[in-house]
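Naming convention: chains lettered A, B, ... in sequence-line order (proteins, then strands); numbering from 1 in each chain.
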There are 2 protein chains.
Amino acid sequence: MKIGDLAAKTGVAPRLLRYYEEVGILHPFRTGNGYRTYGEPAIDRVLQIRELLETGFTTEMIREVLPCLEAAKEETPAPACPTVKDLDGLRHQLSSIERRIDVLQRNRNAIERYLRAWEDALAAAPTAADGIPGPVAE
Amino acid sequence: MKIGDLAAKTGVAPRLLRYYEEVGILHPFRTGNGYRTYGEPAIDRVLQIRELLETGFTTEMIREVLPCLEAAKEETPAPACPTVKDLDGLRHQLSSIERRIDVLQRNRNAIERYLRAWEDALAAAPTAADGIPGPVAE
DNA sequence: CTTGACCTTCACATTAATGAAAAGGTTTAG
DNA sequence: CTAAACCTTTTCATTAATGTGAAGGTCAAG
């Protein structure tokens, strides 16, 4: 699969696919003439990269966790041997992810409460709506 | 409270506090001589800004959700009146946050599985550890 | 051969964050 | 009161990360 095909199948611009290679999170083969070629798994990989980036991961974090995320999908115990240091890095990533889940859940709950309160209020009296909390000094 | 005090209490550099004002997520008062002054709530606000930024929010998203996050903390139903358009924006933020929670939970689970598998394997045979999955072309 | 896809390379845009200069306000010791 | 030390102000510039655009050249299919 050439870069244009992968771009079409993932919705990610060729230019960006080259960038992902540059930062070491995507590793295409090369044909004799220098063209990048990608296998089928690259499609899922690119989609997962997008997902992780949109969720706030950096390319560096992705470079660290992506191999293990893909290994974790297989039914075989693990196709590759991480170092003790690698495992420590993963444990660190894990707790960072858990902290972020906490933050997101807390804020999701707050926004839900706020929305629910206003939806109820507007349903009761659909005449009172104007201006957001507004710039109040702190 | 002057900017240096707030910086000391939050661990966020004065320079960065001015930046947060510039991008519209922090709104200090001004004293006669032009100095910024902050109230006590600014401490929590800054800490929450840091938390949200580290979790992947942009300053633009924060500008949109922060007023409602603070409103949601009060016991009174809601101190300010959002527009229908504001509520739509919040609903959009909400689903975006939920998507991100999903992504994080999926990846947390995958990393946990991977870690557990290797911790078990290493506990059983502490002799086999070397090299992470390694760069394999895709 | 012309067309379109690919290659590399350089440059640019945006966001979050920081550095530094230059000028002025505030505080405290003498 | 003065002077030194310190804090704030604005402004211009810069860094790192993610992402794009475009020029100039190569490759391959019609």
Side-chain angles (χ1 to χ4, degrees), chain A residues 1-39 42-43 45-66 93 96 99-100 103 137-138, chain B residues 1-39 42-43 45-66 93 96 99-100 103 137-138:
Chain A
M1 186 173 18
K2 285 190 289 187
I3 199 171
D5 303 321
L6 183 58
K9 290 188 188 178
T10 59
V12 176
R15 184 68 185 80
L16 195 44
L17 295 175
R18 294 189 195 104
Y19 172 71
Y20 290 156
E21 180 183 3
E22 188 187 328
V23 297
I25 57 184
L26 197 56
H27 313 284
F29 297 98
R30 295 292 181 130
T31 56
N33 55 20
Y35 282 21
R36 294 166 177 85
T37 56
Y38 302 85
I43 300 174
R45 186 171 176 116
V46 168
L47 294 178
Q48 181 153 35
I49 288 173
R50 287 306 316 163
E51 200 176 60
L52 292 173
L53 282 171
E54 278 158 22
T55 308
F57 283 69
T58 64
T59 54
E60 198 184 345
M61 295 163 72
I62 293 174
R63 193 162 49 240
E64 184 171 2
V65 302
L66 199 43
Q93 294 277 357
S96 150
R99 268 199 315 279
R100 286 164 54 181
V103 172
E138 288 111 33
Chain B
M1 186 175 12
K2 284 191 289 187
I3 198 171
D5 304 321
L6 182 58
K9 290 187 188 177
T10 59
V12 176
R15 183 68 183 77
L16 195 45
L17 296 175
R18 293 191 196 100
Y19 172 73
Y20 290 157
E21 180 183 5
E22 189 188 328
V23 298
I25 58 183
L26 198 56
H27 312 285
F29 299 97
R30 295 294 180 128
T31 55
N33 56 18
Y35 283 20
R36 293 167 176 83
T37 57
Y38 302 84
I43 300 174
R45 186 171 175 114
V46 168
L47 294 179
Q48 181 153 36
I49 287 172
R50 288 306 315 164
E51 198 177 61
L52 292 173
L53 282 171
E54 278 158 21
T55 307
F57 284 70
T58 64
T59 54
E60 198 185 344
M61 295 163 72
I62 293 175
R63 192 161 52 239
E64 186 170 1
V65 302
L66 199 44
Q93 295 276 357
S96 150
R99 267 200 315 278
R100 285 163 55 181
V103 172
E138 289 109 34

K.L.:
Kindly compute the distance separating CD (A:Glu22) from CZ (A:Arg18), expressed to the nearest 0.5 Å.
P.N.:
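These two atoms lie 11.5 Å from each other.
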
K.L.:
Are the side chains of A:Asp5 and A:Tyr38 in touch, meaning some heavy atoms are under 4.5 Å apart?
P.N.:
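Contact flag for A:Asp5/A:Tyr38 side chains = no.
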
K.L.:
Between protein and nucleotides 3-8 of chain D, what N or O pairs are separated by less than 3.5 Å?
P.N.:
residue	atom	partner	partner atom	Å
D:dT8	OP1	B:Gly4	N	2.8

K.L.:
Do any side-chain nitrogens or oxygens of A:Asn33 fall under 4.0 Å of OP1 or OP2 in D:dA28?
P.N.:
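Looking at the OP1 and OP2 atoms of D:dA28, one of them is under 4.0 Å from a side-chain N or O of A:Asn33.
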
K.L.:
Let me know the distance between CD1 of A:Ile49 and C1' of D:dG19, rounded to the nearest Å.
P.N.:
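Atom-to-atom, A:Ile49 to D:dG19, this comes out as 14 Å.
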
K.L.:
So, B:Arg45 side chain and B:Ile25 main chain: donor-acceptor pair closer than 3.5 Å or not?
P.N.:
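Checked: pair present.
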
K.L.:
What is the distance, rounded to the nearest whole Å, between atom CG of A:Leu52 and atom P of D:dA17?
P.N.:
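Value for this atom pair: 18 Å.
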
K.L.:
Is it the case that the side chain of B:Arg63 and the backbone of B:Val23 share a donor-acceptor pair, with hydrogens and angles ignored and the cut-off at 3.5 Å?
P.N.:
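Yes; judged by distance alone, with no hydrogens or angles, the pair exists.
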
K.L.:
Sugar-phosphate means primed atoms, P, OP1 and OP2; the rest is base. With that split, encode nucleotides 12-18 of chain C 5' to 3' as B, S or - using protein heavy atoms under 4.0 Å.
P.N.:
----BBB

K.L.:
Any side-chain heavy-atom pair from B:Leu16 and B:Arg50 closer than 4.5 angstrom?
P.N.:
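SC-SC contact between B:Leu16 and B:Arg50 confirmed.
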
K.L.:
Looking at A:Phe57, I'd like to know if the NZ or CZ of A:Arg100 sits under 6.0 Å from its six-membered ring centre while staying within 45 degrees of the ring's axis.
P.N.:
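Yes, A:Arg100 and A:Phe57 form such a contact.
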
K.L.:
Just checking B:Glu21: does its CD atom have more than 12 heavy atoms from other residues, nucleotides or ligands closer to it than 6.0 angstrom?
P.N.:
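Above 12, so yes.
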
K.L.:
For the residue pair A:Glu54 and B:Val103, establish whether any side-chain heavy-atom pair is separated by less than 4.5 Å.
P.N.:
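In short, these two side chains do not touch, never coming nearer than 4.5 Å.
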
